[in-house]
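One structure is given here, and the rest of the page talks about it.
All chains are named by letter (A, B, ...) in the order of the sequence lines, taking the proteins before the strands, and each is independently numbered beginning at 1. Hydrogens, waters and symmetry mates are skipped; everything else that's a heavy atom, side chains included, is used.
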Number of protein chains: 2
Amino acid sequence: MADPLDTVFAALADPTRRAILAMLLEDDMAVTDVAEPFDMSLAAISKHLVILTRAGLIAQEKRGRVKWCKLKPDALKSASVWMQGFGQFEPVHLDAFERFLTAELGDGIEDQVANRP
Amino acid sequence: MADPLDTVFAALADPTRRAILAMLLEDDMAVTDVAEPFDMSLAAISKHLVILTRAGLIAQEKRGRVKWCKLKPDALKSASVWMQGFGQFEPVHLDAFERFLTAELGDGIEDQVANRP
DNA sequence: GGCATCGTCAACCATCCGGTTGAATATGGG
DNA sequence: CCCATATTCAACCGGATGGTTGACGATGCC
């Protein structure tokens, strides 16, 4: 499993791990707190966190006796860049493009993007 | 494995399957032709194609005795939408956006996208 | 020091995954 | 009709995955 895309996508393939990432989006958390909402042993969560760490999606830093987990969303970049190669074929992305352009560049551009003269 | 995100990300986690998707980006292909560049049995490729199909990433249509494989990049939408939740941390894909718009809409739009008056 | 808390390690288990091989099932061509 | 081609099916195998439990090492608090 050499390619980092392998580990990133594999890490994202598990719903528990995606839920953990979503939680960490809110705030950094200690391992015990991450585990709390799940109906699963602490050891299991600990393993999931190792997988997320190896994928580069989170970082763990031990401060005192508690280990803090922190999102590292940069790792998603390689994955999204790869997926982007297929994006040119999704007309659907146009919506996101429009929203992006609207947000980034202000009003007035949408009509041109939507090809509405 | 109920969540479609599970199957999509799991499908993307394998390098052989990603390579297949990249090949299909060029053109639709028959199963045998998909298998040709890989050092792997035809049956193995056939299984990979089943996984990609179940994930909704490709469609297979049998015409005559040959089964054609065709990319269905829409399935990537759910995945990219999910990832987009984390995307606020990625300084976005302006380059690809520009290329997309250039290709789709012809000349003249780039300056506006690049915010060059 | 002594104890509770935080987290991991180790062993184990069931299941899934990616691959193989060989037989089986279309379908098309001469 | 017979044969070659295209693809899948079925059984099997080794290794990874996701979970459990219980013991263990650190760390902080009284």
Side-chain angles (χ1 to χ4, degrees), chain A residues 1-24 27-72, chain B residues 1-24 27-72:
Chain A
M1 195 117 88
D3 194 325
L5 283 178
D6 293 9
T7 55
V8 170
F9 282 129
L12 294 179
D14 186 278
T16 303
R17 288 192 290 263
R18 288 198 307 277
I20 291 173
L21 291 177
M23 291 165 57
L24 292 177
D27 206 352
D28 300 357
M29 296 178 78
V31 173
T32 305
D33 297 328
V34 170
E36 196 273 330
F38 296 98
D39 189 18
M40 194 181 299
S41 72
L42 184 61
I45 296 293
S46 181
K47 284 190 190 179
H48 281 302
L49 292 172
V50 167
I51 291 172
L52 289 170
T53 302
R54 283 207 224 286
L57 290 164
I58 67 170
Q60 293 183 280
E61 180 200 357
K62 190 164 180 179
R63 266 209 313 276
R65 83 183 145 170
V66 31
K67 205 167 184 179
W68 293 90
C69 305
K70 168 189 189 57
L71 207 59
K72 279 187 59 182
Chain B
M1 195 114 91
D3 194 325
L5 283 178
D6 292 11
T7 56
V8 170
F9 281 129
L12 294 178
D14 185 277
T16 302
R17 289 192 291 263
R18 288 198 307 276
I20 291 173
L21 291 177
M23 291 165 57
L24 292 176
D27 207 352
D28 299 358
M29 298 177 78
V31 173
T32 305
D33 297 328
V34 170
E36 196 271 330
F38 295 97
D39 188 19
M40 195 182 298
S41 73
L42 186 60
I45 296 293
S46 181
K47 283 190 190 178
H48 281 302
L49 292 172
V50 167
I51 291 172
L52 288 170
T53 303
R54 284 209 224 283
L57 290 164
I58 67 171
Q60 292 184 279
E61 179 200 357
K62 190 164 181 178
R63 266 208 316 275
R65 82 182 143 170
V66 30
K67 204 166 186 179
W68 293 90
C69 305
K70 169 189 191 58
L71 207 58
K72 280 187 59 183

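One interatomic measurement links the two molecules: CG of A:D14 to C1' of D:dT17, which rounds to 9 Å at whole-angstrom precision. Put simply, NZ on A:K67 is 16 Å from C1' on C:dT5, counting in whole angstrom units. Going from atom CH2 of B:W68 over to atom C1' of C:dT27 covers 15 Å, rounded to whole Å. For the pair B:F9 CZ and C:dC16 P, the interatomic distance rounds to 22 Å; values are reported in whole Å. Remark: C1' of D:dG19 and CZ of A:R17 are 12 Å apart, rounded to the nearest angstrom. Atom CZ in A:F38 sits about 10 Å away from atom P in D:dG19, given to the nearest Å. Across the protein-nucleic acid pair, B:I45 atom CD1 and D:dT8 atom P stand 11 Å apart, rounded to whole Å. Separating the CZ atom of B:R65 from the C1' atom of C:dA24 is a distance of 16 Å, rounded to the nearest angstrom.
Here C:dG19 is the nucleotide among C:dG19, D:dG19, C:dG22 with the atom lying nearest to any side-chain atom of B:K47. Of the listed nucleotides (C:dT5, D:dT7, C:dT8), C:dT8 has the atom at the smallest distance from the side chain of A:V31.
A sub-4.0 Å separation between OP1 or OP2 of D:dG19 and a side-chain N or O of A:H48 is present. Taking only side-chain nitrogens and oxygens, B:S46 comes nearer than 4.0 Å to OP1 or OP2 of D:dT8.
Heavy atoms of B:L42 sit under 4.0 angstrom from at least one base atom. Residue B:A30 is in sugar-phosphate contact alone, with no base atom involved, counting any heavy-atom pair closer than 4.0 Å across all strands shown.
In terms of heavy atoms, B:A55 sits closest to B:V8 at O-CG2, 3.5 Å.
Toward the 5' end of DNA chain D, the nearer of the two residues A:M40 and A:K62, judged by each one's closest nucleotide, is A:M40. In terms of position along DNA chain D, the nucleotide closest to A:S41 lies nearer the 5' end than the nucleotide closest to the other residue of the pair A:R63 and A:S41.
Between the CG atom of A:D14 and the CG atom of B:D3 there is a distance of 10.5 Å, given to the nearest 0.5 Å. Taking CD1 of B:I58 as the reference point, atom CD1 of B:I51 lies at 10.5 Å (rounded to 0.5 Å).
In this structure a side-chain-to-backbone donor-acceptor pair under 3.5 Å is present from A:R18 to A:L12. Without hydrogens or angle criteria, A:S46 side chain to A:L42 main chain gives no donor-acceptor distance under 3.5 Å.
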